[in-house]
Amino acid sequence: MAGRSTEPVRHWLIQARIDRGFTYPQLAKEVGVTQQAIFWWERGKRTPKPKLAKRIASILGLDWTKFYEQKE
């Protein structure tokens, strides 16, 4: 559909946040970013820089390189 983003929602990131019991405000505070940053990363609209990706991955128990995997 015209005007719509083709970026995929990062369900794996949303699920990891929920599984670890974090809300947007809690995770944002832990990572040191805004709630909006968490929202955009989860929606696939933006990608964190490697330093932040590593921090998020450490907090949520993820592989930080998942943020940079090729889209299908």
Side-chain angles (χ1 to χ4, degrees):
M1 202 176 242
R4 297 232 179 214
S5 172
T6 59
E7 298 294 319
V9 173
R10 293 179 173 129
H11 296 286
W12 53 268
L13 181 56
I14 295 167
Q15 194 60 55
R17 176 178 56 79
I18 292 168
D19 288 349
R20 307 275 181 316
F22 283 100
T23 62
Y24 279 123
Q26 291 168 331
L27 184 57
K29 183 177 180 181
E30 189 75 19
V31 175
V33 298
T34 65
Q35 293 177 48
Q36 292 85 355
I38 302 296
F39 176 83
W40 290 123
W41 294 337
E42 287 186 355
R43 295 304 175 269
K45 301 284 186 181
R46 303 229 168 99
T47 300
K49 292 183 179 183
K51 182 178 179 180
L52 287 174
K54 289 175 184 178
R55 183 153 173 77
I56 295 163
S58 174
I59 293 165
L60 297 180
L62 300 169
D63 177 356
W64 72 273
T65 62
K66 193 161 180 74
F67 282 102
Y68 305 98
E69 290 177 356
Q70 291 291 333
K71 299 170 187 92
E72 296 184 26

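Computed from a predicted model, the values in this text were never measured in an experiment.
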Show me, pair by pair, the donor-acceptor contacts under 3.5 angstrom made by side chains of residues 56-67, not counting sequence neighbours?
{"from": "Asp63", "atom 1": "OD1", "to": "Thr65", "atom 2": "N", "distance (Å)": "3.0"}
{"from": "Asp63", "atom 1": "OD1", "to": "Thr65", "atom 2": "OG1", "distance (Å)": "2.9"}
{"from": "Asp63", "atom 1": "OD2", "to": "Thr65", "atom 2": "OG1", "distance (Å)": "3.0"}

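Once rounded to the nearest 0.5 Å, the distance linking CD1 of Ile18 with CG of Leu27 reads 11.0 Å. Gln36 CD to Lys45 NZ: the interatomic distance, rounded to the nearest 0.5 Å, is 15.5 Å. Between atom CD1 of residue Ile14 and atom CG of residue Asp19 there is a gap of 11.5 Å, rounded to the nearest 0.5 Å.
Checked against Thr47 for a side-chain contact (heavy atoms from CB on, under 4.5 Å), the options Trp40, Tyr68, Trp41 give a single hit: Tyr68.
Minimum interatomic distance between Glu30 and Arg55 (heavy atoms only, all atoms of both residues): O-NH2, 2.6 Å. When every heavy atom of Pro48 is checked against every heavy atom of Leu52, the shortest pair comes out as CB-CB, 4.0 Å. The shortest heavy-atom contact between Arg10 and Arg46 is NH1-O, 2.7 Å.
In terms of hydrophobic clustering, with Ile, Leu, Val, Met, Phe, Trp and Tyr side chains grouped at heavy-atom distances under 4.5 Å, Val9 and Leu13 are assigned to different clusters.
A search for side-chain hydrogen bond (donor to acceptor under 3.5 Å, both in side chains) contacts involving Gln35 returns nothing, not counting sequence neighbours. With sequence neighbours excluded, the residues satisfying salt bridge (Lys or Arg N to Asp or Glu O under 4.0 Å) with Arg17 are Glu42.
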* To do: Start with the C-alpha gap between Gln26 and Ile38, add the side-chain angles, then the distance that decides, and say whether side chain to side chain contact (heavy atoms under 4.5 Å, CB included) holds.
  => CA-CA 10 Å; Gln26 291 168 331; Ile38 302 296; over 6 Å; no

